[in-house]
Visitor: 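Okay, handing you the structure first.
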Amino acid sequence: MRLSRSFLPTLKETPADAQIVSHRLMLRAGLVRQTASGIYAWLPAGLRVLRRISQIVREEQDAVGAQEVLMPTLQPAELWKRSGRYDAYGPEMLRLTDRHERDLLYGPTNEEMITDLFGQSVSSYRALPQTLYHIQWKFRDEVRPRFGVMRGREFLMKDAYSFDADYAGAVASYRRMMLAYLRTFQRLGVKAIPMVADTGPIGGELSHEFIILAPTGESGVFYDGALEEQDWLGQPVDIDDHASLEAFFERMTSFYAATDEKHDEAAWAGVDPSRRREGRGIEVGHIFYFGTKYTEAMGVSVNGADGQSFFPEMGSYGIGVSRLVGAIIEASHDEAGIIWPDEVAPFDAVILNLKSGDPACDALCERLYQTAPDRLLYDDRPDRAGVKFADADLMGHPWQLVVGPRGAAAGVVELKRRATGERTEHSVEDALSRIGLGS
Ligand code: ATP
Ligand code: MG
């Protein structure tokens with residue numbers, strides 16, 4: 001993309017109403033604009049990040065056998081009356097009425113709808129297990145939308161739902177999803193730590209929140225730093241084998257991790273002091289087993305092998321896709337701006353033409369740009385070098401390819417790594433191969 005022709009409106013001034021750094025940087029870097037309280041429009045660079053995160057989430061869901069669907073944002077109130085949650089959900093639910101006076105709502109979550117869809121099509125235990133997911137906008141009329149996309153009213157969520165014949169099957173589904181989440185967050189370059197969460201009346205230990213350390217987080221967290229070092233992508237787990245899933249799960253839960261609500265001082269004292277991590281955290285995902293709560297309430301049963309009908313066991317599994325954009329920035333920035341992890345950056349690199357109009361600079365930049373115009377941002381604006389450097393740091397591209405008249409004459413490019421500030425000089429080929437675009 002050529003910067004001179006693109007819609008990437010950066011701001012020099014810090015927006016007055018943005019309280020936290022990710023919100024300020026998302027506005028300043030031109031990723032989003034607010035259209036109403038807690039509701040945001042995604043501009044080209046922001047949308048690219050959202051799509052890259054969604055794609056990683058999708059690949060890891062698919063890898064554990066979940067199947068993608070797309071449910072609508074609007075839901076009939078009747079479904080929620082069947083589960084008993086229509087009145088219970090309260091003012092966070094946005095309720096509307098169509099021209100025929102039928103009650104609708106903008107979905108805050110999809111347990112009811114997926115349970116109904118499942119019930120319409122599955123009548124035998126033979127179809128089990130099933131895990132379905134979608135990546136769709138949700139609406140929750142939060143009392144206090146704040147921190148930009150971190151606590152919005154309209155937000156993008158990946159939500160998955162599992163259906164199993166029995167408790168053992170539901171546990172396996174839960175563990176598969178746990179593995180998918182750990183792999184997803186590892187690929188996203190974020191340290192999201194699974195912590196046991198409240199299960200309410202369901203009981204048991206099958207509810208985990210995935211939390212990223214950030215000073216602006218809403219809950220206090222304590223965990224063993226060894227959890228940050230685990231390579232979940234490299235660990236072979238046979239997702240069709242309950243024993244293999246169990247071994248993985250035991251390993252994961254052997255490390256201490258708890259929010260302040262569940263913190264246990266005695267167990268914490270047993271963690272090696274050099275590995276204790278303590279701070280505030282942001283919830284980016286939540287997985288939850290809830291048994292037959294919805295299938296029973298909504299009367300969705302299937303026939304078992306013995307001819308008796310039974311209510312399938314369910315779990316639900318959310319990832320805050322749009323919240324992750326803010327959470328990643330909270331965890332990865334400096335005074336100058338965003339530092340995008342390679343995996344989610346809107347562009348792999350920016351090309352900084354320090355003297356637009358100079359034939360040698362223009363030619364070299366053009367040559368770089370043509371190697372991957374869809375993955376590179378070319379700052380071809382006629383602005384001063386200082387403006388370009390500042391915008392590049394603000395937007396946080398992992399790499400900067402800097403082309404000045406002296407280098408252009410010699411066929412040399414300066415490569416800057418945004419995360420470390422390290423600058424090195426290279427031939428064109430070498431520079432491209434270092435950022436993964438070499439032939
Ligand atoms: P929170 O405790 O932050 O209000 P929640 O527990 O109500 O979240 P879930 O129902 O577990 O949220 O939703 C799954 C995921 O969706 C959360 O882990 C979070 O990442 C994201 N999410 C929830 N509410 C919002 C929101 N208002 N804005 C952005 N993302 C959200
Ligand atoms: Mg939650």
Side-chain angles (χ1 to χ4, degrees), residues 19-20 22-23 26 31-32 34 36-40 42 46 49-50 53-54 56-57 61 73 80 85 88-94 106-114 133-161 174 177-178 180-182 184-185 188 190 192-200 202 206-214 216-221 259-262 280-290 293-294 314-331:
Q19 301 164 35
I20 63 169
S22 61
H23 188 195
M26 287 184 73
L31 302 178
V32 291
Q34 182 174 297
S37 170
I39 305 181
Y40 291 85
W42 293 78
V49 178
L50 205 56
I53 295 174
S54 301
I56 290 173
V57 168
Q61 291 290 296
T73 52
W80 290 65
R85 276 210 294 182
Y89 209 91
E92 280 196 4
M93 181 187 278
L94 181 66
Y106 193 130
T109 179
N110 282 60
E111 282 83 3
E112 280 79 358
M113 185 174 275
I114 199 80
Y133 75 98
H134 71 162
I135 301 176
Q136 176 64 291
W137 295 92
K138 304 291 184 290
F139 194 95
R140 293 183 187 174
D141 205 352
E142 302 270 357
V143 200
R144 267 205 322 139
R146 59 197 172 127
F147 302 158
V149 300
M150 299 273 261
R151 186 166 296 285
R153 292 197 298 164
E154 190 185 47
F155 59 95
L156 190 61
M157 196 203 285
K158 183 288 299 181
D159 40 324
Y161 305 89
Y174 185 90
M177 214 28 99
M178 167 67 79
Y181 273 47
L182 292 168
T184 301
F185 293 124
L188 290 173
V190 298
I193 308 299
M195 310 211 174
V196 177
D198 221 5
T199 44
I202 304 285
L206 291 185
S207 174
H208 283 85
E209 290 173 344
F210 291 77
I211 297 184
I212 291 180
L213 269 193
T216 45
E218 293 181 341
S219 39
V221 295
T259 57
D260 38 18
E261 285 161 19
K262 297 256 172 186
R280 315 280 318 154
I282 301 166
E283 178 190 323
V284 290
H286 191 174
I287 61 178
F288 197 82
Y289 159 77
F290 47 75
K293 180 176 169 183
Y294 294 94
M314 290 178 65
S316 74
Y317 315 91
I319 291 184
V321 175
S322 51
R323 176 178 286 185
L324 267 168
V325 181
I328 290 169
I329 297 173
E330 284 295 319

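When a ligand or atom number is given, it counts from 1 through the structure's own listing order. Computed from a prediction, not measured in an experiment: that's the story for all the values here.
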Visitor: Check ligand 1 against G285 and write out every atom of the ligand that is under 4.0 Å from a heavy-atom position of the residue.
Guide: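 Those qualifying, in numeric order: 18 (O).
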Visitor: Decide yes or no for Y89 and P108: does some side-chain heavy atom of the first lie under 4.5 Å from some side-chain heavy atom of the second?
Guide: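 They are in contact (side-chain heavy atoms under 4.5 Å apart), so the answer is yes.
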Visitor: Answer with side chain, backbone, both or neither: which part of M150 has a heavy atom less than 4.0 angstrom from an atom of ligand 1?
Guide: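 Near ligand 1, M150 shows its backbone, while the atoms from C-beta on stay back.
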Visitor: Quick one: does any side-chain atom of K138 pair with a main-chain N or O of K158 as donor and acceptor, under 3.5 Å?
Guide: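 Judged by distance alone, no pair lies under 3.5 Å.
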Visitor: Below 4.0 Å, non-hydrogen atoms only: which portion of E209 touches ligand 1? Side chain, backbone, both or neither.
Guide: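 Neither; no heavy atom under 4.0 Å.
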Visitor: Does only the side chain of E283 get under 4.0 Å from ligand 1, or the backbone, or both, or neither? Count heavy atoms.
Guide: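 Both backbone and side chain.
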Visitor: Decide whether the shortest distance between a heavy atom of T109 and an atom of ligand 1 is less than 4.0 Å.
Guide: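 T109 does not count as a contact of ligand 1 under the 4.0 Å cut-off.
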Visitor: Any heavy-atom pair between the side chains of Y181 and Y317 that's under 4.5 Å?
Guide: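 They are in side-chain contact.
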Visitor: Would you say ligand 1 has an N or O under 3.5 Å from any N or O of G152?
Guide: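 Yes, since at least one N or O of G152 sits under 3.5 Å from an N or O of ligand 1.
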Visitor: Using a 4.5 Å cut-off on heavy atoms from C-beta on, say whether the side chain of S219 contacts that of E261.
Guide: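 Sidechains of S219 and E261: no contact.
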Visitor: Select the closest option to atom 23 (C) of ligand 1 among K158, E154, R140, M157, judged by heavy-atom distance.
Guide: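 Heavy atom nearest to atom 23 (C) of ligand 1 belongs to R140.
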Visitor: Between R323 (side chain only) and F155 (backbone N and O only), is there a donor and an acceptor less than 3.5 Å apart?
Guide: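 A pair under 3.5 Å: no.
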Visitor: Give the atom numbers and elements of ligand 1 that come within less than 4.0 Å of a heavy atom of V149.
Guide: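 Those of ligand 1 that fall under 4.0 Å from V149 are 29 (C).
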Visitor: Would you call the rings of H208 and Y174 parallel, tilted or perpendicular if under 30° counts as parallel and over 60° as perpendicular?
Guide: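 Plane angle between 30° and 60°, so tilted.
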Visitor: Nearest non-hydrogen contact with atom 21 (C) of ligand 1 belongs to which option: G320, G38, S219?
Guide: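 Shortest heavy-atom distance from atom 21 (C) of ligand 1: G320.
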Visitor: Ligand 1 versus D159, non-hydrogen atoms closer than 4.0 Å: side chain, backbone, both, neither?
Guide: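 The answer is neither; D159 stays 4.0 Å or more away.
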Visitor: With no hydrogens and no angle check, do the side chains of E330 and T216 hold a donor and an acceptor under 3.5 Å apart?
Guide: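 Checked: E330/T216 side chains pair up, N/O donor to acceptor below 3.5 Å.
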Visitor: Does ligand 1 come near enough to E142 that some N or O of the ligand is less than 3.5 Å from an N or O of the residue?
Guide: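 In this structure, E142 places an N or O atom under 3.5 Å from an N or O of ligand 1.
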Visitor: Could you measure the distance from the CZ atom of F139 to the CE atom of M157? Nearest 0.5 Å is fine.
Guide: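 These two atoms lie 13.5 Å from each other.
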Visitor: At under 4.0 Å between heavy atoms, which part of R151 makes contact with ligand 1: side chain, backbone, both or neither?
Guide: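 Answer for R151: both.
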